[in-house]
Amino acid sequence: MTSPRTRPWPVDLEGLGYGGDYNPEQWPVQTQLEDVELMQQAGVNIVSVGIFSWAMLEPREGEYDFDWLDAVLDRLHAAGIRVALATATASPPPWLTRYHPEILPELADGTVLGQGGRQAYSVSSPVFRDYALRMTRTMAERYADHPALALWHVDNELGCHVPHDFSQDAAVAFRRWLEARYGTVEALNAAWGTAFWSQRYDTFDEVLPPRTAPTYANPTQQLDFARYSSDELLTHYRALRDVLREVTPQVPTTTNLMASTGTKWMDYFSWADDLDVVANDHYTRAHDPAAHIELAFSADLTRGIAGGDPWILMEHSTSAVNWQPRNRTKAPGEMLRHSLSHVARGADSVMFFQWRQSAAGAEKFHSAMLPHAGTDTDVWRNTLTLGQALKALAPVRGSRVQADVAILFDYPAWWGTELDSHPSQDVTYVDQVTAWYRQLWHRGVTADIVSPREDLSSYRLVIVPTLYLVTDDGAARVAAAAAAGATVLVTYFSGIVDEHDRVRLGGYPGAFRELLGVRTEEFYALQAGERLTLDDGATADLWSEKTHLVGAEAMSTYTDGLLAGWPAVTRHAVGTGHAWYVGTRLDEVGASRLADTLLLESGVQPVVDAVPEGVEVVRRRGGEVGGGADASFLFVLNHTPEEAVVTARGVDLLTGTAADGEVRVAPHGVAVVQES
Ligand code: GAL
């Protein structure tokens, strides 16, 4: 279990949160009146307001128009709907970029990103920061005592469109960040290895962001720029948050993250301590046939970021989105199933982008809770159904998910793995992580996705997929888990460099060599389509290594190619545990067999016996509202076209039906059994 930071969903709702982004400024008052009536019908109890309202609230510099927002908040309050109020700073109004074009962000090649979309600001611009702080203070002071105000929503998806800014302001801020990190330019030179290619810096003033260059930029410069960029976005959040805390200390603050397999550049594990509640946005990908598994990964990752605490699903979609090449309409049952998969994995609130589908603008073809076609629609009926379901699930609020398996996930390791000039461009980080996640998902085994900064001592199985970059501390935590009896799996191209991207000498996998009892002398990256066979009948591709046994035993060896006879998979007894190394990418046969072996060796069980294929089963325990510490909720989500039967005893909260030994879940259906 990850370490609780006791940060429960801080809003005084009766049960789970339900709602979405609400953008009333796009509609006449008559429509806004109807909105509130329909929200009540649907059981909506919280909405995010004002995210993109700056230009409407301050149409000219220093001239404010708050009347419309006052009326919206009053109306929502009268209807008993709470508000996650935005700082309104997510998109600067045109007058601001017109008078201060210097706030615009820049790409690595010098392209300046213009006004006309959204998020057209440099997060390092002192001018923009001043304007954003002023707007934030104005919002905070105006609504400090408004009874609808439940939560502050800072900016929106910080870094979504502009994770990196290479502008002059960014260069100044980057240098400041580097000075704080290294103290002296000599220390920077040592860390970056600038003796190579005549890159030695004489003063911090010579250092730049890694702008487009004739060839590979210094890898540690790239890595530090990624760290700085994530920190800089967090710094912006903190600055705005501090104003909110000063004016409204009683109101919790958050910002919506985008934790998923697709968001690489924000180190959310390092953001979590600054959020009063972790909030996440998640959208499935139309082209992914296993989108529900990617969704589950994202939810488990969000829970990991939240240190195991309940979190808020701040945005997802009722049906199709508008920003993919071909946007997929959700199938019957899918919206409810997806929503409850987030809840099963720790969400105490389900919210959408957005309440009412826009009639104009770039997102008019993005689904919403209330579609263009009105209330006589599948989408609206789904909105009503979900509202009823979430109401019935009120007892779940505050309960927690427990897992015996940790999968290590680290943003700097992701950045490091995918730097240029590596042995193979085909080693992509998330693919290695999700391959092992999928093995567990299909077996009904719950995993926590945790940072190597977490204590791992409570896990029985620790999976370390391709952790190219690892600190001494991170490696020590993995080793300690094995010594204390866990089974540990480390996969190829792990432990290679320290936090400065400097190779750990003496043989690979550097930081994990001793733990694994192996020493690799050279990598043998494989060509596209090249495949090796192993003596246990599996095959492997992508990567191989010439690995010597230094205490470990070979569990399988290559039978062909340059490494015939050399170990592919090894196992090393350590303390009361075991450390396994996989020096290649196993095919499905090999990976699946290894997953079974690791679960058996570690004694980790699925959530219930015999989880049918394609059925998701997750348990939450405890809670603030329901049965207290002993309560237990079994979520069964049937992603298949067949009826699913799962062992359970208790009452299905969604239907009130007793489960007397088993629960039968309709094709594509859901059940949530409060276990007796
Ligand atoms: C999010 C964003 C929302 C909306 C949504 C569409 O990235 O926060 O404002 O654009 O995507 O899917």
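The analysis underlying the following values was restricted to heavy atoms, covering all of them including side chains, and did not include hydrogens, waters or symmetry mates. Counting from 1, the numbers follow the sequence of the chain as shown.
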*Asks:* Counting C-beta onward and ignoring hydrogens, is there a side-chain heavy-atom pair between Thr466 and Thr417 closer than 4.5 Å?
*Replies:* yes
*Asks:* Please report the C-alpha distance between Arg326 and His287 in whole Å, then the side-chain angles of each, then the deciding distance to 0.1 Å, and finally whether the side-chain contact (heavy atoms from CB on, under 4.5 Å) criterion is met.
*Replies:* CA-CA 8 Å; Arg326 285 159 293 277; His287 60 77; over 6 Å; no
*Asks:* Mind listing the closest non-hydrogen atom pair of Pro423 and Ala525 along with its distance?
*Replies:* O-CB, 3.7 Å
*Asks:* Taking salt bridge (charged side-chain N to carboxylate O under 4.0 Å, His left out) as the test, write out the residues that go with Arg134, two or more places apart.
*Replies:* Glu58, Glu61
*Asks:* I'd like to check Val518 versus Pro567 (side-chain heavy atoms, cut-off strictly below 4.5 Å). Are they in contact?
*Replies:* no
*Asks:* Do Ser122 and Asp165 have side-chain atoms, one donor and one acceptor, less than 3.5 Å apart?
*Replies:* yes
*Asks:* My understanding is that only residues two or more places apart in sequence, or in another chain, count here; which of them pass side-chain contact (heavy atoms from CB on, under 4.5 Å) with Glu530?
*Replies:* Leu526, Gln527
*Asks:* If you look only at pairs with a residue in residues 208-217, which of them pass as a side chain to side chain donor-acceptor pair (under 3.5 Å), with sequence neighbours excluded?
*Replies:* none
*Asks:* Once you round to the nearest 0.5 Å, how far does CZ of Arg285 lie from OG of Ser260?
*Replies:* 6.0 Å
*Asks:* For the residue pair Gln221 and Gln199, establish whether any side-chain heavy-atom pair is separated by less than 4.5 Å.
*Replies:* no
*Asks:* With His442, which residues qualify under ring pair (Phe, Tyr, Trp, His ring centres under 6.0 Å), at least two apart?
*Replies:* none
*Asks:* Just verifying a value: how many Å separate Asn256 CG and Asp281 CG, rounded to the nearest 0.5 Å?
*Replies:* 4.0 Å
*Asks:* Ring-plane angle category for Tyr411 and Trp414, please: parallel below 30°, perpendicular beyond 60°, tilted otherwise.
*Replies:* parallel
*Asks:* Could you check whether Asp473 and Thr471, counting side-chain N and O atoms only, form a donor-acceptor pair closer than 3.5 Å?
*Replies:* no
*Asks:* With a 4.5 Å cut-off on side-chain heavy atoms, are Glu232 and Trp177 touching?
*Replies:* no
*Asks:* Tell me every residue that passes side-chain hydrogen bond (donor to acceptor under 3.5 Å, both in side chains) with Asp169, counting only those two or more places apart in sequence or in another chain.
*Replies:* none
*Asks:* Go through the steps for Asp501 and Thr220 under the test side-chain hydrogen bond (donor to acceptor under 3.5 Å, both in side chains), then give the verdict.
*Replies:* CA-CA 6 Å; Asp501 200 47; Thr220 316; 4.8 Å; no
*Asks:* Using 30° and 60° as the class limits, which term best fits the ring planes of Phe297 and Phe409: parallel, tilted or perpendicular?
*Replies:* perpendicular
*Asks:* Among all residues two or more places apart in sequence or in another chain, which pass the ring pair (Phe, Tyr, Trp, His ring centres under 6.0 Å) test with His422?
*Replies:* Tyr468, Phe493
*Asks:* Got a sec, which residues hit side-chain contact (heavy atoms from CB on, under 4.5 Å) with Ser556, two or more places apart in sequence or on another chain?
*Replies:* Leu534, Asp535, Asp536, Ala568, Val569
*Asks:* Out of curiosity, His572 NE2 to Met555 CE, how far, rounded to the nearest 0.5 Å?
*Replies:* 13.0 Å
*Asks:* So, using ring pair (Phe, Tyr, Trp, His ring centres under 6.0 Å) as the criterion, who are the partners of Phe225 when residues are at least two apart?
*Replies:* His164, Phe166, Phe174, Tyr228
*Asks:* Quick one: list whatever passes side-chain hydrogen bond (donor to acceptor under 3.5 Å, both in side chains) with Thr547, sequence neighbours left out.
*Replies:* Thr520
*Asks:* Which atoms form the tightest heavy-atom contact between Phe204 and Gly183, and what is the distance?
*Replies:* CE1-O, 3.9 Å
*Asks:* Salt bridge or not between Arg504 and Asp472? Use side-chain N to carboxylate O under 4.0 Å.
*Replies:* yes
*Asks:* Would you name the heavy atoms of Gly507 and Arg519 that are closest together and state the gap between them?
*Replies:* CA-CG, 4.1 Å
*Asks:* Which atom names give the shortest non-hydrogen contact between Pro509 and Ile496, and what distance separates them?
*Replies:* CA-CD1, 4.4 Å
*Asks:* Can you list the residues that meet the ring pair (Phe, Tyr, Trp, His ring centres under 6.0 Å) rule with His548, with sequence neighbours excluded?
*Replies:* Trp566
*Asks:* Any donor-acceptor pair under 3.5 Å linking the side chain of Gln115 with the backbone of Thr97?
*Replies:* no
*Asks:* Is any side-chain heavy atom of Trp265 closer than 4.5 Å to a side-chain heavy atom of Leu233?
*Replies:* no
*Asks:* Just wondering, more than 12 heavy atoms not from Glu514 lying within 6.0 Å of its CD?
*Replies:* no
*Asks:* Can you confirm whether Glu588 sits close enough to Gln439 that some side-chain heavy atom of one is under 4.5 Å from a side-chain heavy atom of the other?
*Replies:* yes
*Asks:* Check whether the side chains of Arg241 and Thr253 place a donor and an acceptor atom closer than 3.5 Å, and report yes or no.
*Replies:* no
*Asks:* Between the side chains of Arg453 and Asp267, is the shortest nitrogen-to-carboxylate-oxygen separation below 4.0 Å, so that they form an ion pair?
*Replies:* yes
*Asks:* Hey, are the side chains of Asp587 and Asp541 touching, using non-hydrogen atoms and a 4.5 Å cut-off?
*Replies:* no
*Asks:* Using ring-ring contact (aromatic ring centres under 6.0 Å, His included) as the criterion, point out the one residue from Phe128, Tyr131, Tyr121 that pairs with His100.
*Replies:* Tyr131
*Asks:* Does atom CD of Glu521 have more than 12 heavy-atom neighbours from other groups under 6.0 Å away?
*Replies:* yes
*Asks:* Tell me whether Asp448 is salt-bridged to Arg303, with the criterion being a basic N under 4.0 Å from an acidic carboxylate O.
*Replies:* yes
*Asks:* If the condition is side-chain hydrogen bond (donor to acceptor under 3.5 Å, both in side chains), which residues does His292 pass it with, not counting sequence neighbours?
*Replies:* none
*Asks:* Taking only residues two or more places apart in sequence or in another chain, which ones pass salt bridge (charged side-chain N to carboxylate O under 4.0 Å, His left out) with Arg345?
*Replies:* Asp300, Glu616
*Asks:* May I ask you to check whether Trp311 and Asn280 show a side-chain donor-acceptor distance below 3.5 Å?
*Replies:* no
*Asks:* With heavy-atom distances below 4.5 Å as the criterion, would you say the side chains of Trp192 and Val207 are in contact?
*Replies:* yes
